[in-house]
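Before any comments, here is the structure.
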Amino acid sequence: MHIGNIITDPGNASFRRTGDWRTEKPVLDKEMCVRCALCWIDCPDGAIRPCDDGYYEADLHYCKGCGICARICPAGAILMEEEGEQ
Amino acid sequence: MSKRVALEASHAVAEAARMANVDVISAYPITPQTHIPERLAEMVADGELNAAYIPVESEHSAMSACLGAAAIGARTFTATAGPGLEYMHNVLYVAPSMRLPVVMTVANRALSAPISIWGDHSDVMAVRDTGWIQVFCQNSQEAFDLTIWAFRVGEDRSVLFPVMVHLDGFTLSHVVEPMFLPGQADVDRFLPRFQYPYPLDPDRPMTHGALGPPDIYSEAKLAQEMALQESRNVILQAWKEFEDVFGRRYSPVEEYRTEGAETLLLAMGSYTETAKIVIDQRRDHGEAIGLISIRLWRPFPYEELRRAVKGAGRLIVFDRCISFGMGGPVFSEVRSALYDEDRRPKVVGFVGGLGGRDVPEKEFGYLIDRGKEVADRGSDRMMETVGIR
């Protein structure tokens, strides 16, 4: 630890998995998805990323399960599913 | 090249901040601290001091502004009193935790209710656990000296802690006294430039004040405590350097006529000087009595206190604050510090001088006589009082 708990290498959140306290996770139905990218744009944590196939997926290591993507999706393609025992 | 001048203690503090060439001052005026920021604002407005004076809407904001200033590496000063100190309470903890060396004068004032603008130590005792280095002044000279010293200690690279300099409201803050004002060259020789190791800088971004989850908080707090304990070395070293440059000697616990004393009186702040007069009178009549005064309140001077009371049979502690439901806070800390000593004095605690109530020589006389009686006969009271109807 640095003096005063200063972090001298800022922007290091991507090195730490921060989504372990989520209670619900987004599940995408590709049949319904229109690939509009609104979920990617609106995710407050930058946890949704574009994939090579043109769809979008949530990185569950960082997704906090807020449900904004499900709420914003105009096609109703994202459902929030309760986390269970792994 | 010092000169003898008559200065109000508040103006002596402002002069010290000017000669320390502070970069940023942020303060909110409150009685009895007002003369300090007022004088500094005047100095900045008149071009006598090249500093940023940040006016704020509260003490909470004053301390917050000071934290930001210290984090960019600016030499930072503020002052407050009583309720103002309490209003900045939660921000007070942030300065030592983030290791930001702000220097703050506190013109000690009572707390409401009933509302009181006058002096006692209730404000100090309510912030004793905030992690600041804290010292008490007895007179204008000390108010000047310890302010200069506070920058030297707090900004030392191995310390980096904020420092509170306490002076009694009115009985010291508003008193004009003769004192020696040193030359600028001596102040510059004693006080190096402040070089904060991790200044906020857009070209070198870093995170100050991050979240501390349960897996890191305990370690952070323990590291802070260890660093504060270790600051003693620099505290003592800086007082030695101060003596070399200015010729005046300071110690964590001042001992006054303690040689061979069977009874010791313990006072803090400006009342130490009244107590000295009483000690002189009694010594002249052959009474084996001495005085000790705690100058360094945090980190608490365990070793120096134990050494100072060695050999005495009675220790009478004078508190200017009540820890409600407990008694005098200085009394309880002092008694606790001596608990493990094989031969320790009987400790008796008195509370008086609350909310500006004067404690003249004759009250100290009563306190000593009654204290000796209680020490020898015992008492089931946690707290004796002096000068209270």
Side-chain angles (χ1 to χ4, degrees), chain A residues 1-28 37-51 56-73 78-86, chain B residues 66-73 76 91 93-102 131-132 154-162 194-231 234:
Chain A
M1 276 194 317
H2 281 283
I3 201 163
N5 317 306
I6 287 167
I7 299 167
T8 54
D9 54 338
N12 64 12
S14 58
F15 302 124
R16 297 167 216 284
R17 294 176 176 179
T18 54
D20 61 347
W21 47 273
R22 184 180 56 244
T23 58
E24 292 183 329
K25 64 181 175 190
V27 178
L28 175 69
L38 278 179
C39 58
W40 178 44
I41 293 164
D42 280 272
C43 174
D45 225 337
I48 293 180
R49 59 189 176 213
C51 303
Y56 297 85
E57 76 176 6
D59 184 337
L60 295 181
H61 290 317
Y62 300 103
C63 170
K64 310 296 187 297
C66 70
I68 285 175
C69 53
R71 181 70 72 94
I72 207 82
C73 178
I78 301 175
L79 283 178
M80 297 306 290
E81 187 179 286
E82 198 166 326
E83 289 282 2
E85 294 291 325
Q86 293 293 315
Chain B
C66 286
L67 300 189
I72 64 163
T76 306
V91 197
Y93 283 86
V94 181
S97 309
M98 290 178 63
R99 307 292 293 278
L100 298 170
V102 177
W132 288 56
E155 294 171 0
D156 190 285
R157 208 183 161 96
S158 66
V159 176
L160 295 175
F161 275 110
F194 176 34
Q195 287 183 304
Y196 190 59
Y198 302 105
L200 287 177
D201 178 356
D203 295 331
R204 204 164 58 110
M206 56 182 82
T207 303
H208 285 222
L211 183 80
D215 65 348
I216 200 84
Y217 187 86
S218 302
E219 285 73 15
K221 290 287 112 177
L222 191 62
Q224 180 187 335
E225 167 63 5
M226 287 165 70
L228 184 62
Q229 294 289 0
E230 281 166 20
S231 72
V234 176

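Chain letters run A, B, ... following the sequence lines, proteins first and then strands; every chain starts at 1. Just so we're clear, the structure is a prediction, and the values are computed from it rather than from any experiment.
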### Which atoms of B/L100 approach chain A - backbone, side chain, both or neither, heavy atom under 4.5 Å
neither
Pairs of donor and acceptor atoms under 3.5 Å between chain A and chain B, please, with atom names and distances.
| residue | atom | partner | partner atom | Å |
| --- | --- | --- | --- | --- |
| A/H2 | ND1 | B/Y198 | OH | 3.0 |
| A/I7 | N | B/T207 | O | 2.9 |
| A/I7 | O | B/T207 | N | 2.7 |

### Task
Output all residues satisfying ring-ring contact (aromatic ring centres under 6.0 Å, His included) with A/Y56, sequence neighbours left out; order by chain, then residue number.
A/W40
### Summary
Looking only at heavy atoms, the pair that brings B/M206 and A/I7 closest together is CB-O, 3.1 Å
